[in-house]
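The analysis underlying the following values was restricted to heavy atoms, covering all of them including side chains, and did not include hydrogens, waters or symmetry mates. Numbering of ligands and ligand atoms starts at 1, following listing order.
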Amino acid sequence: MKITGTTKITGVFGYPVKHSLSPVFQNAAFQYLDLDYIYIPIEVTPENIRKAIEGIRAMNFVGVNVTIPHKKNVIPYIDEIDREAEILGVVNTLVNRAGKIKGYSTDGCGFILSIKETGISLEDKTVFLLGAGGSAYAIAGAMAKEHIRKIYICNRTEERAVMLKEHLSEKFNFKNSSVVPFEEKNTEKYWKDIDILINTTSVGMKEEDPLLIDKKFIKSLKLVYDLIYNRKTELIKIAEKTGVQSLDGLSMLIYQGAVSFELWTGIKAPVDVMKRSVHKYSKR
Ligand SMILES: NC(=O)c1ccc[n+]([C@@H]2O[C@H](COP(=O)([O-])OP(=O)(O)OC[C@H]3O[C@@H](n4cnc5c(N)ncnc54)[C@H](OP(=O)(O)O)[C@@H]3O)[C@@H](O)[C@H]2O)c1
């Protein structure tokens, strides 16, 4: 990679940030397209986040991604927020246009783009959504806009599932969601018409984590999506074994990064190059 006096700077602010895969695929994309950009991981502690945002203006960064724990706490320090990010109350991408910083959330859009690649349309599909945390909000909102038929929301803490249901109704006028009590997740009646299972919980990150959904419900699905990207989860392994189409968290990670790339450069992201670089790096 050639760094010159004109190289434009992007990167990621997080704490910790050392496990981030974004530098791998963003730099691969810049290099492939011969763009004079660089993407660097920058560890920023919560107490330094305001100064770090000022630094974007002071050092004329093109923009950055922000990750845990900064997705919410950068908002008071930026100048503008995209509507989708405002609804979610979080940003993951900042763009610096002539000293004015605008925040975006690219998770929902990245999720939809990754599904489009499978050739499966979300229209009229019924989804079983495990989890009601930050990523579930981004995904559920994005699906509501894609004319999904129904979403069953199932979360360990039921009140959070209820809050997500209300959020979908209020912000997206999406009324066709139901809360499934966590202890009833393997009850036959819910699984009759499910097309897509999405795991947005952190269960599966560790090898010893349990499989939350009974194997017998997986074989009739059209798609299994597990947002976890640090390893191939049991859920994905079972989908592969039973011939059900599946996507792991690397897909969403790359597509949300591709949307950030396009916001910074105005150029279409080379998604295949990004994917190859990550698979090579993580030896998957
Ligand atoms: N691929 C990507 O691009 C991408 C993007 C974002 C996130 N992710 C991954 O998605 C996962 C969730 O991220 P997030 O930002 O949504 O996190 P979050 O806001 O902290 O939500 C965590 C979710 O996991 C559930 N959970 C945690 N431990 C559990 C357990 N032992 N049993 C059942 N449910 C449990 C939580 O349920 P409670 O409400 O009951 O606590 C909650 O629904 C993480 O693995 C993250 O790495 C991937």
Side-chain angles (χ1 to χ4, degrees), residues 12 14-26 65-73 84-85 88-93 104-115 117 128-143 151-167 177 179-186 197-213 224-236 246-261 269 271 274-275 278-279 282 284:
V12 53
Y15 185 73
V17 83
K18 62 176 179 263
H19 300 297
S20 175
L21 292 173
S22 299
V24 174
F25 65 81
Q26 295 289 6
N65 285 130
V66 288
T67 186
I68 292 166
H70 303 310
K71 287 182 172 192
K72 250 189 220 302
N73 62 15
E84 192 172 323
L88 290 170
V90 292
V91 296
N92 71 348
T93 305
Y104 298 82
S105 169
T106 66
D107 278 345
C109 185
F111 171 81
I112 298 296
L113 288 172
S114 67
I115 291 213
E117 193 194 59
F128 195 98
L129 184 68
L130 272 171
S135 56
Y137 270 71
I139 285 172
M143 288 194 299
I151 308 179
Y152 288 97
I153 308 165
C154 181
N155 192 50
R156 180 181 59 178
T157 311
E158 195 169 320
E159 66 217 76
R160 291 213 180 111
V162 173
M163 279 165 64
L164 176 52
K165 178 182 161 61
E166 283 163 6
H167 169 86
S177 64
V179 171
V180 175
F182 197 65
E183 56 288 358
E184 288 181 24
K185 58 188 177 304
N186 285 309
L197 165 64
I198 305 170
N199 176 40
T200 72
T201 75
S202 40
V203 180
M205 286 179 81
K206 292 187 244 113
E207 216 176 316
E208 65 274 20
D209 279 349
L211 183 67
L212 294 177
I213 299 302
V224 168
Y225 203 141
D226 195 335
L227 255 62
I228 286 169
Y229 56 81
N230 68 317
R231 59 182 291 273
K232 191 186 267 197
T233 61
E234 280 312 298
L235 192 57
I236 294 289
S246 62
L247 287 172
D248 64 22
L250 287 178
S251 301
M252 179 162 147
L253 186 75
I254 286 164
Y255 274 100
Q256 58 81 31
V259 180
S260 303
F261 177 99
V271 171
M274 292 167 133
K275 268 192 213 162
V278 167
H279 286 282
S282 57
R284 259 202 254 161

Legend entry - Main-chain N/O of D226 paired with D248 side-chain donor or acceptor, under 3.5 Å: no
As a test of reading the model: which N/O atoms of the protein lie under 3.5 Å from N/O atoms of ligand 1, and at what distance?
| unit_1 | atom_1 | unit_2 | atom_2 | d |
| --- | --- | --- | --- | --- |
| ligand 1 | 1 (N) | L227 | O | 3.1 |
| ligand 1 | 1 (N) | G249 | O | 2.8 |
| ligand 1 | 3 (O) | L253 | N | 3.3 |
| ligand 1 | 16 (O) | G134 | N | 3.3 |
| ligand 1 | 16 (O) | S135 | N | 2.9 |
| ligand 1 | 16 (O) | S135 | OG | 2.6 |
| ligand 1 | 19 (O) | G134 | N | 2.8 |
| ligand 1 | 24 (O) | S202 | N | 3.4 |
| ligand 1 | 31 (N) | R156 | NH1 | 3.3 |
| ligand 1 | 37 (O) | N155 | OD1 | 3.2 |
| ligand 1 | 39 (O) | N155 | ND2 | 2.8 |
| ligand 1 | 39 (O) | R160 | NH1 | 2.5 |
| ligand 1 | 40 (O) | R156 | NE | 3.0 |
| ligand 1 | 40 (O) | T157 | N | 3.0 |
| ligand 1 | 40 (O) | T157 | OG1 | 2.5 |
| ligand 1 | 41 (O) | R156 | NH2 | 2.8 |
| ligand 1 | 41 (O) | R160 | NH1 | 3.1 |
| ligand 1 | 43 (O) | A132 | N | 3.0 |
| ligand 1 | 43 (O) | N155 | OD1 | 2.6 |

Legend entry - Distance (rounded to the nearest 0.5 Å) between N199 CG and L211 CG: 9.5 Å
Legend entry - N/O donor-acceptor pair under 3.5 Å between Q256 side chain and L253 backbone: yes
Legend entry - Taking every non-hydrogen atom, the tightest pair across N155 and G131: OD1-CA, 3.3 Å
Legend entry - Test log, rule salt bridge (charged side-chain N to carboxylate O under 4.0 Å, His left out), inputs D107 and K71: CA-CA 12 Å; D107 278 345; K71 287 182 172 192; 3.6 Å; yes
Legend entry - More than 12 heavy atoms from other groups under 6.0 Å of CD on E207: no
